[in-house]
Amino acid sequence: MLKYILKRILIFLPTLLVISLITFFISTNAPGDPVEQMMTTQTGEGSSANLQANEEAYIKKRQELGLDLPIFYFSVTNAATSDTLHRIPKPAHRKTLDRLVNDYGNWDEISEYYYNLRDLEQQVVNVKKDNINATPLIDLKESVNFLYNNTDKEKVEFNIESMQKTLDSMNGLVAKANAEIPDSIQTDRPTNSLLSLTAPIQKLTDSYKNMQNKSTKWKNYIPSFSWYGMENQYHTWFFGDKPLFGDGDGQYRSKGFLRGDFGISYKDQRPVGSVLFDALRWTFGISILSIFIVYLLAIPLGIFSARKKGTVIDQVVTTILFILYALPSFWVATLMVIYLCGGDYLSLFPPFFKPDLSGGFFSDASQLIYYLALPLICWTLSGFAYLSRQMRGGMLNVLGQDYIRTARSKGLTEGKITWKHALRNSLLPIITLFASVFPAAIGGSIVLEIIFSIPGMGKVGYEAVVARNYPIVFAVMMFSSILTLVGYLVADILYSVVDPRISYNNK
Amino acid sequence: MSQREQVNELDQSYWSNVKRQFKKNKRAVFSLWVIGFLALIAIFADFIANEKPLIAKYKGETYFPILKNYAVGLGISSWPPELQNVNWRELDYEYSVFPAIPYLPKNQDMANSQFTGPFDNQRVKSKRWWHFLGTDELGRDVASGMIHATRIAFLVGIISMSISALIGIMFGSLAGYFGDTGLRMSRGRFWLNIIFFFIALFYAFTSRSYNISDALGVSIISFLGQLLISVGIFLGIMLLANLLASALKAIPFLKQRVNVPLDLAISRLIEIIVSIPRLFLIIAIVAVAKPSLILVMVVIGLTSWTGIARLIRAELLKVRSLEYVEAAQAMGFSDVRTMFKHAIPNSLSPVLIAVAFGIASAILTEAFLSFIGLGVPAEVVTWGSLLNLARQAPTAWWLAIIPGFAIFLTVTMFNLIGEGLTDALDPRLRK
């Protein structure tokens, strides 16, 4: 038995590895920028110094989060893509560059274009604003931003052209401003403050043309493999970059998921472990409680219904169970919240989930019953109907077998036949169902926790997905898989306890 | 007993037997009729609920606007200038016949916005324009939304289950038919197939990723076209690998035959996929990507094939040691022919049951996704999104009851069909 359990746990590991990979790659392909999400101090307008400061803060934060590392141990790309693309800080820029690589395939020219664009941005920010160049400056900034995010050839060319035109229009504006000041007044004549931008824009135009002319698109069709080693995001997150023994040089980002360091929530900067622990208590507690209730009710009802097979009462019970089983739990829950939880109809139950758990044991318990009654009913409903049906079927199956007939012919009472002889064998399928009931309860928690706003794992996970709070998403995903796996294992062990014929030893 | 029934009794082929058994189950037959009715609604949704008239005479010309709309959509026909961007309900027709529900799900009736109920005082020209299932906040007709959402529910159920059945049958039959020792190939072929698999992935999908994603932005047809090209490239490269392998057989080292433990690999894969929290994975993928109905179908399909694969595997493990398969092998038929012509067709019945239940669960999953506002684009009305509106407006009872009941009904009917099939296909219960 022990050997079997050990073997099963060994199978856990590759499974967890695969799940960690799937979650990880969903998150790296997600749009949005976690760094920007976490940056609280943003100074939008400003000088070149400000721009610089912003960028430095951005890069620092990115480093803190470990996002400056390559994503995985290796990457399979094409010969056109640079293996240093991950060093470009902003994801939007990386996307643009990647697209350019796909279109032109010449990294050197593309990066030259990119650096010219950045140079131009600096210069534009550096220009001192006055009332003549205000509008052209805004136009130029918009154009630069557009170029950062777009690659469509016609649109890009149109933008570059319009930048030139904006510059040209400055001459007119300056002349007009000059004309407005009478010749008699001796003052500083307005000058073209954007002259300094002529060169960078020209450079940008040239480099864009250069990139197009020297296109080496064929490089996209040569596969290339680059190896990054252990210094990568996945390794840091899953295995950690802290040395196994000692502190190393004391500089590490994470101890790694496997060593219980789940990272820091992007949203409120709390450790994921503590966020998850708070949530897990609710989900786990409610799931276990509901499964307990399910088994407690379903087994007697199934037996009862099987013994009354064919009677009216059996048909009524069977029909009701079928309807309960088929009711979508999120519909039932929604109806309950709308019609029973305050608002415009009955207010038997609280509209918000805010139990006050500060009192003593009894006040806590009554609070919990008040707040959890409806969720528990929903949680229990479909599992209860399903299990009762299975129990009825299993019982019927057993009651039709020869040894039961023998027991009857021996003159045993019906009660003794049912409880002593039939029950044990009909319990078998029900117990294996634990393997599916438990994960279903955990999975169902997403549905019900969202509707009843219970701060459990499902709700926390869902909110994290929507807010792209990936450390939490990872952890929720991993933990619910672990719970699922444990559920399967427990079911297998129970199975062999109930049925001595089943032995896992010689497998 | 009439003669025809006698003939039917005599017809002892497998499927006619199953049909007879299925017909004995009254609930399942009733469900089949209900599903058939819902399917008709789904197919003819445009003719049941539409802003355009079915037939109308306008300025001396007779039009079939709904039919014409299909033609315009296909690019065969085009609207005359006087009918472009018009409000169809307010044109001055000589005569017109409107569909039963004269609204599209997206039409906003400003006069009846802010959740007007079926029995409230609706400001409509006549009873003909009554919103008989009420409206939502923007004044969109709920009845029309329900009708068109039927189509979406059926599409989701059928397409996602087709995907999962296809994958499930493929993996399950490979694992079941070959087992761990059944598939032997030369060492050269084995390694070439593995190496070329990655190369094919690279050329078919990685280096064409922008072609494919750009095409998705243009239209579904061009997306499928690009996908087809990619699949073609993939298959071509794999073919090349196998041709090369045949050529390399000259080298003795590469010629040695090795076992491919297919069953082991596929069973492990299934084990891993089963333990991933499915709903959460779907939510994670769908929330990250751009909302699209196709994505929802594909994701549901890709995550729900394990059950079918297990069934087919178990079935084929049984079938492959039966006489007729052995006979086919003894006669020298190729593995492919034995598998596709003899083994798989005789193992499909459990899949049928799984598909019936699977459609129910796919519809439920999609409804839940749109209920929490994920997956389907915001402007597309589905049963789930209608039910979600009820949470924002508790007084709108019609939004809480009707969509939920539609989901319940459809799911229940598919489940009952599944149960009927289980009974009909299980030979132990046959008397």
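Just so you know, these numbers use all the heavy atoms, side chains as well, and skip hydrogens, waters and symmetry mates. Everything numeric here is computed off the predicted structure, so don't read it as measured data.
Separation of atoms OG (B:S209) and CZ (A:R99) is listed at 8.5 Å; rounding is to 0.5 Å. Rounding to the nearest 0.5 angstrom, the gap separating the CG atom in A:N102 from the OH atom in B:Y210 is 6.0 Å. The OG1 atom of B:T412 lies 8.0 Å from the CD1 atom of A:I323; values are rounded to the nearest 0.5 Å. Here the CD1 atom belonging to A:I19 is positioned 9.5 Å from the CG atom belonging to B:L281, to the nearest 0.5 angstrom. With values rounded to the nearest 0.5 angstrom, A:I338 atom CD1 is found 9.0 Å from B:R391 atom CZ. Between the CZ atom of B:F280 and the OG atom of A:S481 there is a distance of 9.5 Å, given to the nearest 0.5 Å.
Only the side chain of A:Y470 has a heavy atom closer than 4.5 Å to any heavy atom of chain B. Proximity to chain B (any heavy atom under 4.5 Å) is restricted, for A:I222, to the backbone atoms N, CA, C and O. Of the two parts of A:N78, the backbone and the side chain both hold a non-hydrogen atom closer than 4.5 Å to a non-hydrogen atom of chain B. Both the backbone and the side chain of A:I26 come within contact range of chain B, each with at least one heavy atom under 4.5 Å from a heavy atom of that chain. For chain B, the nearby parts of A:D98 are the backbone and the side chain; heavy atoms of each come within less than 4.5 Å. Contact annotation for A:V18: only side-chain heavy atoms (C-beta onward) come within less than 4.5 Å of a heavy atom of chain B. Interface remark: B:R278 contributes no atoms to any contact with chain A (heavy atom separation under 4.5 Å). Neither the backbone nor the side chain of A:I482 comes within contact range of chain B, judged by heavy atoms closer than 4.5 Å. With a 4.5 angstrom heavy-atom cutoff, A:T77 touches chain B only via backbone atoms. Contact annotation for A:L16: neither backbone nor side-chain heavy atoms come within less than 4.5 Å of a heavy atom of chain B.
Summarising the local packing, CZ of B:F30 is surrounded by 12 or fewer heavy atoms from other residues, nucleotides or ligands at distances under 6.0 Å.
Contacts with chain A were tallied for B:G373, B:A287, B:A360; B:A287 has the most, counting heavy-atom pairs under 4.5 Å. Contact tally against chain A (heavy-atom pairs below 4.5 Å) for B:N388, B:N415, B:I401, B:V411: the top residue is B:I401. Ranking A:V473, A:I451, A:I22, A:T23 against chain B, the residue ahead of the rest is A:I451, based on heavy-atom pairs under 4.5 Å.
For B:Q226, the side-chain contact (heavy atoms from CB on, under 4.5 Å) partners two or more places apart in sequence, or in a different chain, are B:R208, B:N211, B:I212, B:A215, B:I229.
Of all the heavy atoms in B:L364 and A:P328, the pair that sits closest is CD1-CB, 3.7 Å. Annotation for A:V465 and B:I283: closest pair CG1-O, 3.8 Å, computed over non-hydrogen atoms. Minimum interatomic distance between A:M477 and B:I276 (heavy atoms only, all atoms of both residues): CE-CG2, 4.3 Å.
Annotation: side chain of A:Y462 is in contact with side chain of B:L374 (closest heavy-atom distance under 4.5 Å). Using a 4.5 Å heavy-atom cutoff, the side chains of B:L279 and A:V447 are in contact. When side chains are defined from C-beta on, B:L387 counts as touching A:F330, because their heavy atoms get closer than 4.5 Å.
Contacts between residues 195-206 of chain B and chain A, defined by a heavy-atom separation under 4.5 Å, are made by B:F202, B:Y203.
Formation of a donor-acceptor pair under 3.5 Å by the A:W331 side chain with backbone atoms of B:A400 is found in this model.
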